[in-house]
Amino acid sequence: MNRSSKLALAVAAALIAALAWRALHGAAPEASAPPAFAQEALTARVPLTASAPAVGVPAPLPTKPDAVRIDDPACIVKMPSPPSEADAIEDADSKRAAPGVGAREQASRASLLARMHASTDPYANAVAVWVDLGDGEGQLAERARRLGALAASTRDPRVYGLALHTCWKKLGRECESLSARRWSELDPGNALPWLMMLDEAKSSGDVSGEQEAMFHVTQSQHMALREQAPLQPIIDAAPDDPDSLAAARALALDAMGIVATQTLPQSVMACRAATPADANTWQQCSAMIDLMEHRSDSLLVRALGATLDKRLTGNTGALALLKAQRERIDAVDLASSSSCADLHAKLALMRRLAVEGEAAVAVDLVR
């Protein structure tokens, strides 16, 4: 995939996030962060080795600060302006061919993927498979088949969740060996596999299955989507030379584009019509909304929870804070960089998003 395609995926991800926010809160907010934010605040607060790794996450490779001070052209990328309406409707026969990926970039990407495939961390192996295949029908099936094979013998919830979320409700026999129930066993306390089971029970008319799934959702400790988790092994596999940093960012943008195509279980909105008249359902929905609003790693899920909270109780307190947090993260143009130091700082933010989760990083940045 060439650089233009990678940047387009990042733009698509940003548009999807903006549309979701618009649906919940009206017009999308304008970015208001000062231009120096990414280059100064991030460099000061989030070096690549600053974040404490989560359980099961390997420490990043040693960094070489001097290497990233070289303003190599590989580090300098300017995000292109959105296409004009005329460009968007241009006839396919007259479209210009996208520029090819240079040999230098291809070599850096191949080296980075080889390091991930050779890693002792099974999650790095799985992410290498997940991000290295294209989006054609045959490639999607191959991605699911290979991830399914890795998940079949794993006890790592990150690997299993990546495989299941990739092919859930999308493909056939490639995913037959995977189940949300098995994921719940590997990832106890996470509501997401139980929300998947709630969807499945609803679609099949399994009332007892719905009751079981809803009970476990309300008893869960958190709702962990881990949407940006694949960025961590990508960034950790990259040495600090400019070509490797640029390849890590390009591959991370690919990963963000893939994530943007994945959907939430429809059951996240199961409580939109709850009323106090049904005391049992109201109690369960109150617990579920609290989980979404306060114990999810996703700002979108927190916004959905806060919107349901407003609809059911009139409470609007969380919405303004969530809006500020969303603005703060969206103000950073991760697809552009003005120097190697700037690129290094933005990779640092990507790694924090991967390890700590979007919601935790947003809380920290808005304090």
Side-chain angles (χ1 to χ4, degrees), residues 3 6-48 50-51 68 75-83 225 227-232 234-235 245-246 248-250 252-257 259-260 296-304 306-307 317-367:
R3 177 170 291 174
K6 292 166 189 163
L7 295 179
L9 282 173
V11 172
L15 287 174
I16 289 170
L19 289 172
W21 193 265
R22 183 185 296 274
L24 291 170
H25 304 292
E30 295 181 359
S32 57
F37 168 70
Q39 194 161 349
E40 296 177 6
L42 289 182
T43 303
R45 298 179 61 143
V46 287
L48 284 176
S51 302
V68 299
C75 296
I76 301 172
V77 175
K78 181 175 175 58
M79 186 67 177
S81 301
L225 273 65
E227 293 171 305
Q228 308 305 337
L231 305 186
Q232 174 259 323
I234 294 172
I235 294 168
L245 292 175
R249 194 254 298 279
L253 292 178
D254 283 357
M256 293 172 75
V259 167
S296 172
D297 60 354
S298 164
L299 283 180
L300 176 58
V301 171
R302 290 196 175 208
L304 290 171
T307 301
L319 290 174
L321 179 58
L322 284 166
K323 179 175 179 287
Q325 292 170 354
R326 181 77 269 166
E327 287 176 336
R328 193 64 165 163
I329 285 186
D330 288 349
V332 185
D333 179 7
L334 296 174
S336 299
S337 52
S338 58
S339 66
C340 288
D342 186 28
L343 174 55
H344 192 271
K346 288 176 178 178
L347 287 172
L349 177 60
M350 286 181 172
R351 190 178 191 280
R352 283 197 64 191
L353 292 171
V355 174
E356 301 173 38
E358 181 186 51
V361 173
V363 168
D364 186 42
L365 293 178
V366 176
R367 283 176 184 168

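These values consider heavy atoms only, across backbone and side chains, with no hydrogens, waters or symmetry-generated copies. Position 1 is the first residue of the sequence; numbering continues from there.
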Student: Of all the heavy-atom pairs spanning A359 and S298, show the shortest one and how long it is.
Tutor: CB-N, 4.3 Å

Student: For the NE2 atom of H344 and the CD1 atom of I235, what is their distance to the nearest 0.5 Å?
Tutor: 10.0 Å

Student: What are the two closest heavy atoms between A306 and L322, and how far apart are they?
Tutor: CB-CD1, 3.7 Å

Student: Can you check whether L253 reaches M256 side chain to side chain, under 4.5 Å on heavy atoms?
Tutor: yes

Student: What is the minimum heavy-atom distance between I234 and A248, and which atoms define it?
Tutor: CG2-O, 3.6 Å

Student: Taking atom NZ of K346 and atom OG of S336, what is their separation to the nearest 0.5 Å?
Tutor: 6.0 Å

Student: Q228: which residues meet the side chain to side chain donor-acceptor pair (under 3.5 Å) condition with it, sequence neighbours left out?
Tutor: none

Student: Quick one: which of R326, R302, R328, R352 gives a salt bridge (Lys or Arg N to Asp or Glu O under 4.0 Å) with E358?
Tutor: R326

Student: Could you check whether any side-chain heavy atom of L347 comes within less than 4.5 Å of a side-chain heavy atom of R351, counting everything from C-beta outward?
Tutor: no

Student: State the CD1-CG distance between I76 and D342, to the nearest 0.5 angstrom.
Tutor: 9.5 Å

Student: Who passes side-chain contact (heavy atoms from CB on, under 4.5 Å) against A354, sequence neighbours left out?
Tutor: L231, Q232

Student: Does any non-hydrogen side-chain atom of L300 lie less than 4.5 Å from one of L225?
Tutor: no

Student: Answer yes or no: is there a side-chain heavy-atom contact under 4.5 Å between D364 and E356?
Tutor: no

Student: Applying the side-chain contact (heavy atoms from CB on, under 4.5 Å) test to E227, which of V259, L353, V301, D297 qualifies?
Tutor: V259

